[in-house]
**Student:** 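Okay, here's the structure, questions in a sec.
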Amino acid sequence: MSVALSEDDASDVLRVHVHLYGRIVTVCCGLGTQRIRWLAQVAIARWDYEGSRGWFQLGVPVGPAVRIDGTELTFGMAIKDVLANDDHITFRTSLSPVTTGAL
């Protein structure tokens, strides 16, 4: 079953751009009720755009996440409370694609 969004609902949908090791992963966050950790985990999985198995090369997210303006965000924060549509963030990961041979 597909649910269509009204124009008012569509304007509330958040899209965040996550910068990871030379790639930008765009994640649609819906209304943004998820936590920053969820955003980081999705970005890691999608970083490997061919196999969606980015965690093999990047491991897990380690905090804090950082907005493009330098503001630090903890993984427990709700996306909608700290990010706006089309914001850019980055974070560190437990593994580096250089050490795992992914780059």
Side-chain angles (χ1 to χ4, degrees):
M1 180 173 141
S2 172
V3 178
L5 295 175
S6 71
E7 284 188 32
D8 290 336
D9 291 337
S11 67
D12 292 337
V13 173
L14 293 173
R15 181 178 57 208
V16 178
H17 309 281
V18 183
H19 296 249
L20 286 174
Y21 300 102
R23 295 182 185 169
I24 300 174
V25 179
T26 300
V27 179
C28 182
C29 303
L31 299 177
T33 57
Q34 308 91 328
R35 304 292 171 195
I36 297 292
R37 176 171 299 284
W38 173 87
L39 175 61
Q41 291 169 330
V42 170
I44 286 173
R46 293 183 184 170
W47 181 86
D48 172 20
Y49 50 84
E50 293 173 351
S52 292
R53 296 170 53 136
W55 61 89
F56 283 120
Q57 290 89 19
L58 303 181
V60 297
V62 293
V66 181
R67 280 192 351 199
I68 203 79
D69 67 3
T71 304
E72 291 188 355
L73 310 172
T74 64
F75 287 134
M77 294 174 162
I79 295 167
K80 67 178 182 173
D81 294 341
V82 294
L83 295 173
N85 190 41
D86 284 327
D87 269 356
H88 292 254
I89 70 164
T90 190
F91 57 88
R92 293 180 296 116
T93 59
S94 61
L95 299 174
S96 164
V98 173
T99 59
T100 61
L103 281 182

**Student:** Can you tell me how far apart CZ (Phe91) and CG (Leu39) are? Round to the nearest 0.5 Å.
**Tutor:**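 Taking CZ in Phe91 and CG in Leu39, the distance rounds to 7.0 Å.
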
**Student:** Can you name the residues that form a side chain to side chain donor-acceptor pair (under 3.5 Å) with Thr33, not counting sequence neighbours?
**Tutor:**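 With sequence neighbours excluded, Thr33 shows a side chain to side chain donor-acceptor pair (under 3.5 Å) to no residue whatsoever.
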
**Student:** Nearest heavy-atom pair of Cys28 and Val13: which atoms, and what distance?
**Tutor:**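 It is SG-CG1, 3.5 Å.
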
**Student:** I'd like to know if the side chain of Trp47 and the backbone of Leu58 have a donor-acceptor N/O pair within less than 3.5 Å.
**Tutor:**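 A pair under 3.5 Å: no.
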
**Student:** Please evaluate residues Val18 and Ile24 with respect to the criterion side-chain contact (heavy atoms from CB on, under 4.5 Å), reporting the C-alpha separation (whole Å), side-chain torsions for both, the decisive distance (0.1 Å), and the verdict.
**Tutor:** CA-CA 5 Å; Val18 183; Ile24 300 174; over 6 Å; no

**Student:** Out of curiosity, does Val82 fall in the hydrophobic cluster containing Val27 (side-chain heavy atoms, cut-off under 4.5 Å, transitive links)?
**Tutor:**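 They do share one cluster, since a chain of ILVMFWY contacts under 4.5 Å joins Val27 to Val82.
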
**Student:** Just verifying a value: how many Å separate Leu83 CG and Ile68 CD1, rounded to the nearest 0.5 Å?
**Tutor:**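 Spacing of CG (Leu83) from CD1 (Ile68) equals 11.5 Å.
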
**Student:** Suppose the criterion is salt bridge (charged side-chain N to carboxylate O under 4.0 Å, His left out): which pairs have a residue in residues 73-97, not counting sequence neighbours?
**Tutor:**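 Counting only pairs at least two positions apart or across chains, the salt bridge (charged side-chain N to carboxylate O under 4.0 Å, His left out) contacts touching residues 73-97 are Arg15-Asp86.
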
**Student:** What are the two closest non-hydrogen atoms of Ile89 and Ala65, and how far apart are they?
**Tutor:**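 Looking at all heavy atoms of both residues, the closest pair is CD1-CB, 4.4 Å.
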
**Student:** Ignoring hydrogens and angles, tell me if any N or O in the side chain of Ser94 forms a donor-acceptor pair with the backbone of Val60 under 3.5 Å.
**Tutor:**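 Indeed, once roles are kept as given, a pair shorter than 3.5 Å links the two residues.
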
**Student:** Please round to the nearest 0.5 Å and tell me the distance separating atom CZ of Arg35 and atom CE of Met77.
**Tutor:**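 Reported value, rounded in 0.5 Å steps: 10.5 Å.
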
**Student:** Between Thr71 and Asp69, which heavy-atom pair has the shortest distance, and what is it?
**Tutor:**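 Heavy-atom minimum between the residues: OG1-OD1, 2.8 Å.
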
**Student:** Give a yes or no on whether Leu73 and Phe75 share a hydrophobic cluster (residues Ile, Leu, Val, Met, Phe, Trp, Tyr; joining criterion: side-chain heavy atoms under 4.5 Å apart).
**Tutor:**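 Yes, Leu73 connects to Phe75 through the hydrophobic network.
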
**Student:** What are the two closest non-hydrogen atoms of Trp38 and Cys29, and how far apart are they?
**Tutor:**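 Closest approach of Trp38 to Cys29: CZ3-SG, 4.0 Å.
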
**Student:** Check whether any side-chain heavy atom of Ile36 sits under 4.5 Å from a side-chain heavy atom of Ile79, and report yes or no.
**Tutor:**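 Yes, at least one pair of side-chain atoms sits under 4.5 Å.
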
**Student:** State, to 0.1 Å, how close Tyr21 and Ser96 come at their nearest heavy-atom pair, and which atoms those are.
**Tutor:**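 Taking every non-hydrogen atom into account, OH-CA, 4.1 Å.
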
**Student:** Calculate, to the nearest 0.5 Å, the distance between atoms CG and CZ belonging to Leu20 and Arg46 respectively.
**Tutor:**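 The CG atom of Leu20 sits 12.5 Å away from the CZ atom of Arg46.
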
